[in-house]
Engineer: 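First the structure, which I've put down as structure tokens, then a few questions once you've had a look.
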Amino acid sequence: MAKTFDDIEVRRPDLARGYLTLLRAQPGRPIAMFAPRRVGKTFFLDHDLAPVARDAGLLPVYADLWLQRSAPLEAINHALEEALDDITVPAGAAGKLAKTAVKKIGALGASPDFGDAPARRTLPHAPQLRLDALVTRLAAAAHAPVLLMLDEIQALGDVSGGDQVIASLRAVLHKRREHVLAVFTGSSQEALASMVASAGAPMYQFAQLLNFPVLGDAFLKDLADHFAKVHRGRKPLLDDLRRVFEKIGFKPALIKDIVKSMSAEGTIDVDEAVTRFLRDDRQVAGWRALLQSLEPIERHVLFVIAKGMPPFGRETLETLASLLADRPTLSKVRTAVERLRRAGILAKPTVGAARIEDSLFAEYLAELDRERLR
Ligand SMILES: Nc1ncnc2c1ncn2[C@@H]1O[C@H](COP(=O)(O)OP(=O)(O)OP(=O)(O)O)[C@@H](O)[C@H]1O
Ligand SMILES: [Mg+2]
């Protein structure tokens, strides 16, 4: 039983096992799980999929492609190299024991099982060849297939040459299908749209696309039960929690904050708590500071998007012209949208409708009077 609200975590090993079963049933074909931001994709990879994979005799390797979006293939290779080092490089004083292990691995690397793993040759420099060599070598060294977990795959839709990276991945995952399985995560269908839109739709045909399920009642019940423990049996209604959880976009960390604030106030009125949360001075101060840090055009572009206007529409330009001192050109609006995306304020993918990442911030903006923007 959780000691504090922060200890409450939902584990989904069955979901993880289901994904592994699916992966094994279709060698060479990765799974791509899509879900909006902040719903728990990375948490799942880390806390559910990786341990279940390890138990199943796989070696999980994680790479975040958003963090290194200028060089995604290099980021993947780097993660594989780290994993290889973990296995083969003797750690500090324990060197002696580990060294014998390395020798054994070297010998096995040349065994028929892992035939083309030239363990002693230097790795090729060309990223695609390097990926190929690393996957083989790592599987040989670990005596286990690798589970490659690529987080934020939609970053590939944003970089020039992203198609090429997908093509490389596809080739290696197919060729080395006995030695590597792969799971991708991405945020939302917008990402998907950009992948499909990219020439030849390589991603769409290649990976199996799944909607990653958001957390459900189990999590909300745990929150309510912990509330009851603290408040002598009094607790918020599950129905209320469900409704609000949906409203805030199924974000576990956010609903936890809201329930914590309810606990602090001793109230079980969830809707009121959300409203209060929205008006909370600190919250609002944070949003104001964020708005102040933006250029006027960015601020106003955000504002019109919050009002539901398409950022590049004719009417939007008219509205922006009325709000700003200088009439903005379309290219200035584009630049502003791009900057807002890079700052993570707008959802990341570049194709599809513009959307404000944080639904509560969007709600705050939508209700904001235009006078307050200045
Ligand atoms: N199963 C869970 N149980 C409890 N809390 C969770 C769970 N999954 C996620 N969270 C909470 O939600 C937060 C966001 O989760 P996470 O970073 O995994 O989301 P994400 O979908 O990867 O988001 P992003 O799209 O921004 O990368 C976590 O920091 C954690 O506090
Ligand atoms: Mg994540």
Side-chain angles (χ1 to χ4, degrees), residues 1-19 31-52 60-69 72 75-76 79 148-158 182-192 194-195 209-227 241-242 244-261 263 277 340-350 352 355-362:
M1 197 58 190
K3 287 192 200 72
T4 71
F5 281 109
D6 285 328
D7 295 332
I8 297 172
E9 290 181 349
V10 174
R11 294 297 155 89
R12 296 187 283 181
D14 289 340
L15 184 61
R17 277 190 282 268
Y19 286 154
I31 291 175
M33 337 180 297
F34 283 93
R37 303 211 74 83
R38 310 304 300 153
V39 302
K41 299 179 296 293
T42 305
F43 187 97
F44 174 78
L45 293 182
D46 198 22
H47 293 84
D48 297 310
L49 193 61
V52 161
V61 175
Y62 172 90
D64 183 333
L65 301 190
W66 175 252
L67 285 179
Q68 314 234 14
R69 57 200 175 282
I76 300 168
L148 193 56
M149 305 187 294
L150 302 184
D151 210 358
E152 309 272 6
I153 193 86
Q154 82 280 352
L156 296 180
D158 277 352
V183 171
F184 307 151
T185 76
S187 27
S188 85
Q189 291 84 344
E190 292 152 56
L192 180 56
S194 74
M195 298 279 182
L209 306 171
L210 300 175
N211 280 321
F212 176 68
V214 294
L215 292 187
D217 282 358
F219 176 59
L220 301 177
K221 277 196 188 116
D222 282 355
L223 288 177
D225 288 346
H226 186 71
F227 191 103
L241 286 172
R242 258 193 219 122
V244 166
F245 193 40
E246 182 178 351
K247 174 180 169 157
I248 62 162
F250 303 102
K251 297 178 176 157
L254 193 49
I255 192 79
K256 207 185 259 183
D257 276 351
I258 290 170
V259 174
K260 273 198 241 171
S261 80
S263 179
F277 199 81
L340 290 167
R341 275 194 172 117
R342 275 203 297 269
I345 298 169
L346 290 178
K348 283 171 188 170
T350 48
R355 189 173 51 79
I356 292 164
E357 187 56 64
D358 177 341
S359 54
L360 292 182
F361 182 42

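In each ligand, atom 1 is the first atom listed, and ligand 1 is the first ligand listed.
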Engineer: With a 3.5 Å distance limit and no angle check, can you tell me whether Lys221 reaches the backbone of Gly216 through a side-chain donor-acceptor pair?
Structural biologist: no
Engineer: Indicate yes or no: does an N/O atom of Phe44 lie under 3.5 Å from an N/O atom of ligand 1?
Structural biologist: no
Engineer: Using a 4.0 Å cut-off to any heavy atom of Ile8, which atoms of ligand 1 qualify?
Structural biologist: 4 (C)
Engineer: Counting only heavy atoms not in Glu246, do more than 12 fall under 6.0 Å of its CD?
Structural biologist: no
Engineer: Which of parallel (below 30°), tilted (30 to 60°) and perpendicular (above 60°) describes Phe250 and Phe245?
Structural biologist: perpendicular
Engineer: By number and element, which atoms of ligand 1 are closer than 4.0 Å to a non-hydrogen atom of Gly40?
Structural biologist: 8 (N), 9 (C), 15 (O), 16 (P), 18 (O), 19 (O), 20 (P), 21 (O)
Engineer: Please confirm whether Lys41 comes within less than 3.5 Å of ligand 1 when only nitrogen or oxygen atoms on both sides are compared.
Structural biologist: yes
Engineer: Go through ligand 1 atom by atom and flag the ones less than 4.0 Å from a non-hydrogen atom of Glu9.
Structural biologist: 3 (N), 4 (C)
Engineer: Which residues and atoms, protein N, O or S only, are under 2.8 Å from the Mg ion (ligand 2)?
Structural biologist: Thr42 OG1
Engineer: Decide if atom NZ of Lys247 counts as having more than 12 heavy atoms of other residues, nucleotides or ligands within a radius under 6.0 Å.
Structural biologist: no
Engineer: Any heavy atom of Asp46 sitting closer than 4.0 Å to ligand 1?
Structural biologist: no
Engineer: Can you name the salt bridge (Lys or Arg N to Asp or Glu O under 4.0 Å) partners of Asp151, sequence neighbours left out?
Structural biologist: none
Engineer: Does this structure show an ion pair linking Asp358 with Arg38, if we count only N-O contacts that are shorter than 4.0 Å?
Structural biologist: no
Engineer: Judged by atom type as modelled, is there a donor-acceptor pair below 3.5 Å linking the side chain of Asp48 to the main-chain atoms of Arg12?
Structural biologist: yes
Engineer: Is Glu152 near ligand 1, meaning one of its heavy atoms is under 4.0 Å from it?
Structural biologist: yes
